[in-house]
Every structure is written in C-alpha cells, then in structure tokens.
Chemist: 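Have a look at this one before I ask anything.
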Amino acid sequence: MNGLRSAFHQVIAGRPRGAGQKLLGVFLKIASVGYGAAVGLVRAYEKSALRSRALPCPVISVGNLTWGGTGKTPFTIYLAERFLRQGIRAAVLTRGYGQDEVDLLRRQLPQVPVYVGRDRIQTGHRAIQKGAQVLILDDGFQHWRLRRDLDIVLLNAAAPFGNGWMLPG
C-alpha cells in the first residue's frame with residue numbers, strides 16, 4: 001500500500017517515474033478538468049440554492065489549496081492549544097476522512113472535544129451545546145454551507161500551488 005501511495009504522490013507532485021505513472025498522470029489531468037467543472041457547477045448551485053449558515057460563535061477553517069502535505073492537522077492542534085491556554089473553549093470539527101488524523105487530534109488535544117461528521121453545521125451545533133466558544137474546522141474549505149469567520153490557507157513552501165491542476169490531478 002505504501003508503494004502505491006508513494007507512486008501516487010510522485011505523480012501528483014509532477015515527478016512521474018516510468019510509463020505507468022506518466023499514464024496515470026494523463027488520466028488524472030483529464031479527471032482534473034472534469035472535477036473542476038463539477039466543482040464549479042456545485043458551487044454555483046450552492047451559492048444560489050443553499051445560502052451558507054452562520055453559527056452563534058466564531059468559525060475558523062484551516063485548509064489548503066493543494067492535496068495533502070501542508071500541515072492542516074498540526075496547525076489545527078496548534079490553534080486549539082492556543083485557545084485552550086487563553087481560557088477559550090474550542091472544539092474541532094472534522095469530516096474524518098482519515099481516521100489516523102482523528103486519532104491524532106484526540107491524542108494531542110485531550111481537553112478539546114473533536115467532533116466527526118459530514119454535516120459541519122450539525123456537529124457545530126452539538127459542540128456549541130456542549131460549551132464550545134470557537135469552532136475550528138480541520139480541512140474545512142470544501143464545506144461551503146457553513147459560514148466561516150476566518151479561512152487560514154496553508155501552503156507547501158516547496159510547491160505552493162502543487163502541480164497546477166485541480167484535484168484529483
């Protein structure tokens with residue numbers, strides 16, 4: 001599995017090795033165009049039909065513009081710890097794509113509740129009911145329904161805009 005993951009990382013970083021990885025790169029670039037069009041359509045629909053909803057406390061989203069490797073989860077931990085030291089009750093909301101990230105958040109932040117769920121508005125309400133004063137979205141840029149008060153964009157200094165293609169390329 002690690003070999004496949006490594007090969008995929010080589011392709012998305014724009015450094016394919018061998019014919020198989022180059023072919024995968026071509027496929028992902030084609031898929032990227034389709035993905036970009038789909039995101040544009042969904043975003044247009046959500047802007048018109050599903051106005052974003054605000055929650056009664058500040059919402060901070062930590063995200064990136066590229067796929068993986070920018071330190072979103074460690075930065076989320078840093079923010080939550082800062083709020084905790086200032087006596088502000090924070091909660092982390094995450095989609096939970098990678099269970100290892102959820103486990104890391106819970107291990108590193110034993111005093112900060114971590115809510116996992118697809119619907120960040122629903123998990124945000126639960127967190128607020130339990131006393132949260134600020135919500136931190138780990139990897140929350142793609143969740144447009146929840147109004148955010150602050151978006152923090154993290155970049156990989158070596159390749160700030162990745163390979164120049166929209167995900168999944």
Side-chain angles (χ1 to χ4, degrees), residues 1-2 4-15 28 31-32 35-36 38-40 42-43 46-47 52-55 57-86 88-128 130 132-169:
M1 183 69 171
N2 283 340
L4 181 60
R5 181 176 286 174
S6 175
F8 188 73
H9 279 277
Q10 288 296 114
V11 171
I12 64 167
R15 299 184 305 267
L28 289 174
S32 175
Y35 180 81
V39 167
V42 167
R43 185 68 179 128
E46 287 197 349
K47 279 181 96 173
S52 65
R53 292 181 42 201
L55 291 176
C57 74
V59 176
I60 300 170
S61 180
V62 177
N64 61 358
L65 301 177
T66 59
W67 184 78
T70 58
K72 293 182 303 288
T73 300
F75 192 80
T76 297
I77 292 167
Y78 167 78
L79 277 180
E81 288 172 338
R82 289 282 310 252
F83 283 120
L84 189 62
R85 282 195 304 272
Q86 294 175 7
I88 299 169
R89 292 186 311 273
V92 174
L93 310 182
T94 182
R95 173 74 163 90
Y97 289 116
Q99 189 60 38
D100 55 337
E101 290 161 349
V102 173
D103 291 341
L104 176 64
L105 286 164
R106 288 184 171 149
R107 260 193 333 273
Q108 295 292 315
L109 299 169
Q111 296 176 296
V112 176
V114 176
Y115 293 86
V116 180
R118 183 174 170 219
D119 186 339
R120 306 276 176 98
I121 294 171
Q122 181 182 18
T123 56
H125 278 298
R126 273 193 301 158
I128 292 166
K130 297 287 186 178
Q133 297 171 301
V134 63
L135 304 175
I136 304 169
L137 306 181
D138 184 31
D139 199 11
F141 281 10
Q142 72 281 6
H143 196 83
W144 299 312
R145 286 184 47 230
L146 176 56
R147 184 169 302 138
R148 301 177 307 256
D149 298 290
L150 177 64
D151 282 328
I152 298 175
V153 181
L154 301 178
L155 301 173
N156 176 338
F161 301 105
N163 61 11
W165 291 91
M166 211 162 173
L167 287 173

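Here the structure is a predicted model, which is why all the values come from computation and not from measurement.
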Chemist: Between the main-chain N or O of Val59 and the side-chain N or O of Asp149, is there a donor-acceptor pair closer than 3.5 Å?
Modeler: yes

Chemist: In sequence, state the C-alpha distance, the side-chain angles, and the governing distance for Asn64 and Phe75, and then conclude on side-chain contact (heavy atoms from CB on, under 4.5 Å).
Modeler: CA-CA 11 Å; Asn64 61 358; Phe75 192 80; over 6 Å; no

Chemist: Indicate yes or no for a side-chain donor-acceptor contact from Arg95 to the backbone of Asp139 under 3.5 Å, with no hydrogens or angles considered.
Modeler: no

Chemist: Check the pair Ile152, Leu79 against side-chain contact (heavy atoms from CB on, under 4.5 Å), reporting the backbone distance first and the verdict last.
Modeler: CA-CA 11 Å; Ile152 298 175; Leu79 277 180; 3.8 Å; yes

Chemist: Quick check: closest heavy atoms across Arg148 and Gly140, and the distance to 0.1 Å?
Modeler: NH1-O, 3.3 Å

Chemist: Nearest 0.5 Å please: distance from the CG atom of Asp100 over to the CZ atom of Arg107.
Modeler: 9.0 Å

Chemist: The test is side-chain contact (heavy atoms from CB on, under 4.5 Å); show your working for Val116 and Arg106 and say whether it passes.
Modeler: CA-CA 11 Å; Val116 180; Arg106 288 184 171 149; 3.7 Å; yes

Chemist: Of all the heavy-atom pairs spanning Thr70 and Leu155, show the shortest one and how long it is.
Modeler: CG2-C, 3.8 Å

Chemist: Would you name the heavy atoms of Tyr115 and Arg126 that are closest together and state the gap between them?
Modeler: OH-O, 4.0 Å

Chemist: Between atom CD of Gln111 and atom CD of Glu81, what is the distance when rounded to the nearest 0.5 Å?
Modeler: 10.0 Å

Chemist: Please find the pair of heavy atoms, one from Leu93 and one from Ala127, that lie closest to each other, and give the distance.
Modeler: CD2-CB, 4.3 Å

Chemist: Nearest 0.5 Å, what's the CD1-CG distance between Ile128 and Leu135?
Modeler: 5.0 Å

Chemist: Looking only at heavy atoms, which two atoms of Asp151 and Ser61 are closest? And how far apart?
Modeler: OD1-CB, 3.2 Å

Chemist: Which atom pair, heavy atoms only, marks the closest approach of Pro58 to Gln133?
Modeler: CD-O, 3.3 Å

Chemist: Could you measure the distance from the CZ atom of Arg53 to the NE2 atom of His125? Nearest 0.5 Å is fine.
Modeler: 5.0 Å

Chemist: Working to the nearest 0.5 angstrom, can you tell me the gap between Ile136 CD1 and Thr76 OG1?
Modeler: 6.5 Å

Chemist: Report the distance from atom CD of Glu101 to atom CD1 of Ile77, rounding to the nearest 0.5 Å.
Modeler: 9.5 Å

Chemist: Apply side-chain contact (heavy atoms from CB on, under 4.5 Å) to residues Val134 and Cys57 and explain how you reach the verdict.
Modeler: CA-CA 6 Å; Val134 63; Cys57 74; 5.6 Å; no

